[in-house]
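What follows is a set of notes on a single structure, which appears directly below.
It should be emphasised that the depicted structure is a prediction, and the values quoted were computed from it without experimental measurement. When a ligand or atom number is given, it counts from 1 through the structure's own listing order.
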Amino acid sequence: MREHKIVVLGSMGSGKSTLVRAIAAGAVIDTDVHNSDRQGADKASTTVAMDYADIDLPNGDRLRLYGTPGQQRFDFLWPILLQGASGVVLLLDATRGTAIAELEAYLGVLLQHAAQVPAVIGVSRLDLAPQFDLEACAVRAGREGRWLPVVPLDARDREQGLCLMDVLMSEMEAGALVAAHG
Ligand SMILES: Nc1nc2c(ncn2[C@@H]2O[C@H](COP(=O)(O)OP(=O)(O)OP(=O)(O)O)[C@@H](O)[C@H]2O)c(=O)[nH]1
Ligand SMILES: [Mg+2]
């Protein structure tokens with residue numbers, strides 16, 4: 001059986017905890033508390049350490065899924081959680097005017113702490129921001145020396161979450177092939 005450590009990064013309120021819960025369909029450990037940072041994101045709770053779930057995939061593989069806390073004051077945890085990761089999901093909140101700048105910042109985090117780790121960009125909350133420029137996002141994601149897929153999704157929807165994982169697993173398989181054959 002193959003196990004994959006997958007880490008979900010992204011700004012506060014982008015839906016990291018929601019995605020982990022949706023994919024795990026219930027069996028989740030989370031560390032969410034009452035949210036006092038309403039400036040960061042206007043929602044009831046926020047993650048202070050991580051979300052965690054074990055997911056058995058139909059193909060027999062197991063995902064160990066970690067959601068990071070989005071608040072900037074927890075940025076020291078991101079590299080710790082990224083250690084040993086075999087894949088990364090970078091979640092962007094389409095409703096934030098600063099989404100592309102945030103993408104830029106998180107790509108920097110990846111470059112510094114997980115440069116070789118396969119990654120995909122998920123864009124959430126698009127139903128609330130239909131004017132969001134996915135094209136600009138894809139262009140920025142392609143300037144990284146490697147091409148990162150951009151996948152729009154509703155983080156609350158299990159099927160869409162699993163689709164995102166499928167894209168990531170394909171990236172991981174492609175990465176493994178390249179590593180094996182140069
Ligand atoms: N309308 C809509 N809501 C969404 C979508 N994806 C996520 N949400 C909602 O957005 C909010 C995201 O909250 P969380 O999952 O707590 O976000 P987080 O990234 O874990 O935030 P922190 O832990 O604070 O960093 C939740 O209320 C979700 O229900 C989407 O595609 N559309
Ligand atoms: Mg969270």
Item to check | Side-chain donor-acceptor pair present, Asp32, Thr47, cut-off under 3.5 Å | outcome: yes
Checklist entry - Judging by distance only, is a nitrogen or oxygen of Gly70 under 3.5 angstrom from one on ligand 1? => result yes
Checklist entry - So, for Leu164 and Gly122, which heavy atoms are closest and what is the spacing to 0.1 Å? => result CD1-CA, 4.1 Å
Item to check | Over 12 foreign heavy atoms within 6.0 Å of CD, Glu3 | outcome: yes
Next on the checklist: Hydrophobic clustering (ILVMFWY, side-chain heavy atoms < 4.5 Å, transitive) - are Phe132 and Val150 grouped together?
Outcome noted: yes
Checklist entry - Is Ser124 reaching over with its side chain to a backbone N or O of Ser14, donor-acceptor style, under 3.5 angstrom? => result yes
Next on the checklist: Tell me whether ligand 1 is touched by Gly13 - counting only heavy atoms on the residue side and a distance under 4.0 Å.
Outcome noted: yes
Checklist entry - Between Asp32 and ligand 1, does any nitrogen or oxygen pair lie at a separation below 3.5 Å? => result no
Checklist entry - Considering only heavy atoms, does Ala41 approach ligand 1 within less than 4.0 Å through its side chain, its backbone, both, or neither? => result neither
Checklist entry - So is Ser14 in contact with ligand 1, going by heavy-atom distances below 4.0 Å? => result yes
Item to check | Min heavy-atom dist Gly40 to ligand 1 below 4.0 Å | outcome: no
Checklist entry - What angle, in degrees and rounded to 10°, do you get at the Mg ion (ligand 2) when you join it to OG of Ser17 and to OG1 of Thr47? => result 90°
Next on the checklist: Can you give me the closest heavy-atom contact between Leu126 and Ala94, atom names plus distance?
Outcome noted: CD2-CB, 3.8 Å
Checklist entry - What heavy-atom pair brings Glu159 and Asp157 nearest, and what distance separates the two atoms? => result N-OD1, 2.9 Å
Checklist entry - N/O to N/O below 3.5 Å, does that happen between Thr18 and ligand 1? => result yes
Checklist entry - What do you reckon, does Arg125 have a nitrogen or oxygen under 3.5 Å from a nitrogen or oxygen of ligand 1? => result yes
Checklist entry - Can you name the one residue among Thr68, Asp30, Asp51 that meets side-chain hydrogen bond (donor to acceptor under 3.5 Å, both in side chains) with Ser17? => result Asp51
Next on the checklist: Quick check: closest heavy atoms across Ala155 and Ala22, and the distance to 0.1 Å?
Outcome noted: O-CB, 3.5 Å
Checklist entry - Got the closest protein heavy atom to atom 16 (O) of ligand 1, with its distance? => result Lys43 NZ, 2.8 Å
Checklist entry - Is it the side chain (CB and beyond), the backbone, both or neither of Leu91 that lies under 4.0 Å from ligand 1, heavy atoms counted? => result neither
Next on the checklist: Keeping Lys5 on the side-chain end and Leu81 on the backbone end, is there a donor-acceptor pair under 3.5 Å?
Outcome noted: yes
Checklist entry - Does His4 offer a backbone N or O that forms a donor-acceptor pair with the side chain of Arg62 under 3.5 Å? => result no
Checklist entry - Do Gly15 and ligand 1 have an N or O pair less than 3.5 Å apart? => result yes
Checklist entry - Is it the side chain, the backbone, both or neither of Leu128 that has a heavy atom closer than 4.0 Å to ligand 1? => result side chain
Next on the checklist: With a cutoff of 4.0 Å, is Asp37 in contact with ligand 1, counting heavy atoms of the residue only?
Outcome noted: no
Item to check | Numbering as shown, the atoms of ligand 1 that approach Ser11 to under 4.0 Å (heavy-atom distance) | outcome: 19 (O)
Next on the checklist: I'd like to check atom 27 (O) of ligand 1 in this structure: does the protein have a heavy atom lying under 4.0 Å from it?
Outcome noted: no
Next on the checklist: Could you tell me, atom by atom, which parts of ligand 1 come under 4.0 Å of a heavy atom of Leu153?
Outcome noted: 31 (O)
Item to check | N or O pair under 3.5 Å between Lys16 and ligand 1 | outcome: yes
Next on the checklist: Would you compute the distance between atom CE of Met50 and atom NZ of Lys16 and round it to the nearest 0.5 angstrom?
Outcome noted: 14.5 Å
Item to check | Residue part near ligand 1, for Asp127, under 4.0 Å between non-hydrogen atoms | outcome: side chain
